[in-house]
Amino acid sequence: MALEIEIKVKVPALEPIRENLKKNGAELIAEQDEHDIYYNAPHKDFAVTDEALRVRYTQNQTCGKIMPPNVTYKGPKVGREGFKAREEIIVDISSGEQFATILERLNFTKTAEVIKHREIYQCDKAIVTLDNVAEVGTFSEIEADFSLTEDEAVAAIENVASMAGITGERLTKSYLEILLEAREKNAAK
């Protein structure tokens, strides 16, 4: 079990952050399109319990391959103000479609799909992503290495945010929550 500790910031543009990362020696380790399909359980509402279950399909432009799909469970958020920390369990699977069929047979329902283009940079003790998320805009995330203590993770994230120029309101909502809120606002207009 790993505890994911990260920040997410909605940013007006990705280019200045990209330039700062490259200027400071960050390495682009992947550029990919991600298609996430989220599900809700029949026995509890993940929106209420603050959990998530998704199937992710990834097409990696860096190596030109379609990667095996994976299933991710994310537990409820915990942690300090402005930082999102939660349990994360990821399992590679051979067929996302067959796994989706299993979920449907168990009465899980599809909640929504999140589609994004992502650049992933390796920095000292952290991963930085530059994300263009369909329907909601551009974001940057900084995720600390899983081997760090909470205090070390917070320090690593703060150092990378300063170096890369990632400023603004830190969001603890997931892309799924941000997308569903945006759709709700648009529907109310």
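The first residue in the sequence is number 1, and the count goes up from there. Since this is a predicted model, take the numbers as computed values, not measurements.
Rounding to the nearest 0.5 angstrom, the gap separating the CG atom in D92 from the CZ atom in R56 is 11.5 Å. For the atom pair CD1 (I17) and CE (M163), the distance works out to 10.5 Å, reported to the nearest 0.5 Å. How far CZ of F99 is from CG of N70: 10.5 Å, rounded to the nearest 0.5 Å. With values rounded to the nearest 0.5 angstrom, L21 atom CG is found 7.0 Å from S140 atom OG. To the nearest 0.5 angstrom, T58 atom OG1 is 7.5 Å from D36 atom CG. To the nearest 0.5 Å, the span separating CD1 on I157 from CD1 on I5 amounts to 6.5 Å.
In this structure, I120 and Q32 have side chains that are in contact, with non-hydrogen atoms separated by less than 4.5 Å. At least one side-chain heavy atom of L103 sits less than 4.5 Å from a side-chain heavy atom of L53. Taking 4.5 Å as the limit, every side-chain heavy atom of R183 sits out of range of all side-chain heavy atoms of K185. Side-chain atoms of V9 and F139, non-hydrogen and from C-beta on, never get closer than 4.5 Å to each other. A 4.5 Å side-chain heavy-atom check between E97 and T101 finds every atom pair outside the cut-off.
Checked by atom type and distance alone, the side chain of Q122 pairs as donor or acceptor with a backbone atom of A126 at under 3.5 Å. When atom types are taken as modelled, the side chain of R86 and the backbone of D50 share a donor-acceptor pair closer than 3.5 angstrom. Put simply, the side chain of E181 never gets that close to the backbone of I178: no donor and acceptor are under 3.5 Å apart. No donor-acceptor pair closer than 3.5 Å links the side chain of K116 to the backbone N or O of Y175. The backbone N or O of A164 lies less than 3.5 Å from a partner atom in the side chain of N20, making a donor-acceptor pair. Here the side chain of R54 pairs no donor or acceptor atom with the backbone of T72 at under 3.5 angstrom.
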TODO: Let me see the working for L130 and V11 under side-chain contact (heavy atoms from CB on, under 4.5 Å), right down to the final yes or no.
DONE: CA-CA 9 Å; L130 304 182; V11 295; over 6 Å; no

Task: Audit row: L180, T111, side-chain contact (heavy atoms from CB on, under 4.5 Å) steps and yes/no - done: CA-CA 9 Å; L180 292 176; T111 303; 4.0 Å; yes

TODO: Please assess Y73 against V71 for the test side-chain contact (heavy atoms from CB on, under 4.5 Å), listing each intermediate value before the final yes or no.
DONE: CA-CA 7 Å; Y73 164 79; V71 175; over 6 Å; no

Task: Step-by-step salt bridge (charged side-chain N to carboxylate O under 4.0 Å, His left out) determination, R118 to E141 - done: CA-CA 10 Å; R118 171 171 272 183; E141 292 185 349; 3.4 Å; yes

- [ ] Kindly determine whether I37 and K110 satisfy side-chain contact (heavy atoms from CB on, under 4.5 Å), including the steps that lead there.
- [x] CA-CA 7 Å; I37 303 173; K110 195 183 295 186; 3.6 Å; yes

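Residues T138 and A13 share a closest heavy-atom pair of OG1-N, 4.2 Å. Between L106 and P42, the shortest heavy-atom contact is O-CG, 3.3 Å. In this structure, G96 and P69 approach most closely via the heavy-atom pair N-CG, 3.5 Å.
Between E119 and R18 a salt bridge is recorded (basic side-chain N to carboxylate O distance below 4.0 Å). Salt-bridge formation is not detected for the pair K125/D145: no Lys NZ or Arg NE/NH1/NH2 atom is positioned less than 4.0 Å from an Asp or Glu carboxylate oxygen. Between D131 and K8 there is no salt bridge, since no side-chain nitrogen of the basic residue lies less than 4.0 Å from a carboxylate oxygen of the acidic one.
Linking ILVMFWY side-chain heavy atoms closer than 4.5 Å, directly or via other members, places L179 and L171 in a single hydrophobic cluster. No continuous path of ILVMFWY side-chain contacts below 4.5 Å connects I127 to I166, so the two sit in separate hydrophobic clusters. Linking ILVMFWY side-chain heavy atoms closer than 4.5 Å, directly or via other members, places Y38 and V136 in a single hydrophobic cluster. Using a 4.5 Å cut-off between side-chain heavy atoms of Ile, Leu, Val, Met, Phe, Trp and Tyr, with links allowed through other members, V128 and I29 fall into different hydrophobic clusters. With hydrophobic clusters built from ILVMFWY side chains whose heavy atoms lie under 4.5 angstrom apart, V133 does not share a cluster with L14.
Judged by a 6.0 Å distance limit and a 45° cone about the ring axis, R170 is positioned over the six-membered ring of F83.
The closest side-chain donor-acceptor pair between Q59 and Q61, if any, does not fall under 3.5 angstrom. For E31 and N60, the side-chain atoms include no donor-acceptor pair closer than 3.5 Å. Side-chain atoms of N132 and H117 form no donor-acceptor pair, as typed in the model, at a separation below 3.5 Å.
Remark: of the listed residues E88, E51, E87, E88 is the sole one forming a salt bridge (charged side-chain N to carboxylate O under 4.0 Å, His left out) with K74. Just one residue in the list E6, E177, E4 forms a salt bridge (charged side-chain N to carboxylate O under 4.0 Å, His left out) with K77, and that residue is E177.
The neighbour count for Q98 CD, taken as heavy atoms of other residues, nucleotides or ligands under 6.0 Å away, does not exceed 12. Surrounding CD of E15 are more than 12 heavy atoms belonging to other residues, nucleotides or ligands, all under 6.0 Å away.
The aromatic rings of F108 and F46 lie tilted to each other, with the angle between the two planes from 30° to 60°.
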